[in-house]
Amino acid sequence: MRGEDTRPESPTAFTTGAERKAELDWAQLHCRMDASQSALKRRLTPGPEEKRKILRARARLLAAGGKAEATFPHLLLDVVEFVLGPEHYGIESCHIREIHPLSEFTPLPCTPAFVLGLVNVRGQILSIIDIKKLFDLPEKGLTDLNKVIIVHANHMELGILADAVLGVRPIAMEELRPALPTLTGIRAEYLKGITKDPLVVLDVEKILMDEKILVNEEVDTAT
């Protein structure tokens, strides 16, 4: 009967097994890393359907951006709304220097009917025009609600009589429509546009460049 071989395994056997195990571990690790990278690429690279979804989302964002641009400040008009007879009018706030209650004014003889008179605004003498007379609107007596809107353009200034001032409101340029058929003659000439309300937005530059207004300014200066 042979006795058991109790001799320890040679160091070479341990080393060889450890090396093989290490080789297997590294190979498995590389496989896992490659699989992870492939999975990551699949996640980062959208498929055809995902690409279509992304393009549709981008299209919606661009469309929304186009609509938002329509309401940007540079496409809006800040308009001061006021009342003339039975109608509502507006003037761009960039052409308005200030608004004063109509307290005291000096009538001017031998001037057109639409010239209300002169007013002293902190030492500056300005003429006041009554646009209702230019537009053939119904006359209305002067009250405490009357205001003088001081407008300026092209180095000229004058006051426009308003029955009442309602406040400031923004208007998108796209809301303005051309003159209506009922707005004819001088009313159409002074018109910048009209909204659905309707609010008639006046063109201050055209008003101040009108020859009738210029003649009136010359009379006032001479006086």
Side-chain angles (χ1 to χ4, degrees), residues 65-103 105 112 114-135 137 142 145-180 183-221:
K67 292 178 181 178
E69 287 179 359
T71 58
F72 278 176
H74 67 276
L75 294 177
L76 286 176
L77 296 178
D78 281 332
V79 173
V80 174
E81 183 178 1
F82 59 97
V83 178
L84 288 178
E87 300 176 349
H88 286 212
Y89 287 79
I91 293 176
E92 290 180 75
S93 59
C94 62
H95 290 301
I96 296 178
R97 193 185 84 183
E98 52 193 307
I99 298 175
H100 285 279
L102 179 65
S103 53
F105 67 93
F114 63 84
V115 179
L116 185 65
L118 297 178
V119 64
N120 187 333
V121 180
R122 290 193 294 276
Q124 183 181 9
I125 306 300
L126 296 172
S127 59
I128 309 173
I129 63 172
D130 187 351
I131 291 184
K132 291 195 299 293
K133 294 183 189 247
L134 281 174
F135 293 171
L137 295 175
L142 299 177
L145 296 177
N146 283 109
K147 297 289 190 295
V148 178
I149 304 174
I150 309 298
V151 298
H152 62 87
N154 303 318
H155 307 290
M156 294 184 61
E157 291 185 332
L158 57 77
I160 293 178
L161 180 67
D163 293 338
V165 175
L166 302 181
V168 181
R169 56 179 283 190
I171 296 177
M173 285 291 295
E174 59 186 11
E175 293 182 26
L176 289 180
R177 298 174 295 170
L180 297 175
L183 295 175
T184 57
I186 196 168
R187 297 174 73 187
E189 294 176 13
Y190 289 163
L191 185 67
K192 190 178 188 72
I194 184 169
T195 65
K196 292 180 180 180
D197 298 0
L199 175 72
V200 181
V201 180
L202 299 176
D203 192 329
V204 171
E205 293 184 357
K206 287 185 179 179
I207 293 175
L208 292 179
M209 291 178 64
D210 190 280
E211 292 183 356
K212 292 183 287 295
I213 303 298
L214 291 177
V215 169
N216 173 52
E217 287 293 313
E218 292 176 359
V219 171
D220 292 344
T221 304

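Computed from heavy atoms alone, side chains included, the values below leave out hydrogens, waters and symmetry copies.
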inquiry  = Quick check for you: to the nearest 0.5 Å, what is the distance between Y89 atom OH and I194 atom CD1?
reply    = 8.5 Å
task = Supply the atom-to-atom distance L158 CG to L118 CG, rounded to the nearest 0.5 angstrom.
result = 11.5 Å
query = Roughly how far, to the nearest 0.5 Å, is the CG atom of L137 from the CG atom of D163?
reply = 9.0 Å
key: L161 and I131, any side-chain heavy atoms less than 4.5 Å apart   = no
message = Set out, in order, the CA-CA distance, both residues' side-chain angles and the distance that settles side-chain contact (heavy atoms from CB on, under 4.5 Å) for L116 and L102, then state yes or no.
response = CA-CA 11 Å; L116 185 65; L102 179 65; 4.2 Å; yes
key: Point-to-point distance, once rounded to the nearest 0.5 Å, from CG of N120 to NE2 of H100   = 10.0 Å
task = For a side-chain hydrogen bond (donor to acceptor under 3.5 Å, both in side chains) with E157, tell me which candidate from H152, H95, R97 qualifies.
result = R97
task = Might you work through the side-chain contact (heavy atoms from CB on, under 4.5 Å) test for V151 and L202, ending with a clear yes or no?
result = CA-CA 11 Å; V151 298; L202 299 176; over 6 Å; no
inquiry  = If you define the side chain from C-beta out and look only at heavy atoms, does anything of N154 sit under 4.5 Å from M209?
reply    = yes
key: Nearest non-hydrogen partners of G159 and V148, listed with the distance   = CA-CG1, 3.8 Å
inquiry  = Contact between F105 and L142 at the side-chain level, heavy atoms closer than 4.5 Å - yes or no?
reply    = yes
task = Work out which heavy atom in V79 is nearest to a heavy atom in L199; give both atom names and the distance.
result = CG1-CD2, 4.3 Å
ask   = Are I160 and I128 close enough, and set up right, to give a side-chain contact (heavy atoms from CB on, under 4.5 Å), and what steps lead you there?
value = CA-CA 6 Å; I160 293 178; I128 309 173; over 6 Å; no
Sub-4.5 Å side-chain heavy-atom contact between D78 and L76 = no
message = Looking at every heavy atom in both Y190 and K206, which two are closest together, and how far apart are they?
response = CE2-O, 4.0 Å
task = To the nearest 0.5 Å, tell me how far T195 OG1 sits from R177 CZ.
result = 7.0 Å
task = Taking all non-hydrogen atoms of both residues into account, name the closest pair between A162 and F82 and its distance.
result = CB-CD1, 3.7 Å
task = Going by the salt bridge (Lys or Arg N to Asp or Glu O under 4.0 Å) test, name the single residue among E175, E81, E92 that passes it with R169.
result = E81
request  = Any chance you could measure I99, atom CD1, to I150, atom CD1, to the nearest 0.5 Å?
outcome  = 9.5 Å
inquiry  = Does D197 form a side-chain contact (heavy atoms from CB on, under 4.5 Å) with H88? I'd like the steps, not just the answer.
reply    = CA-CA 9 Å; D197 298 0; H88 286 212; over 6 Å; no
Least distance between heavy atoms, G85 atom then K132 atom = N-CD, 3.6 Å
key: Over all atoms of both residues, closest heavy-atom pair of V80 and V168   = CG2-CG2, 3.9 Å
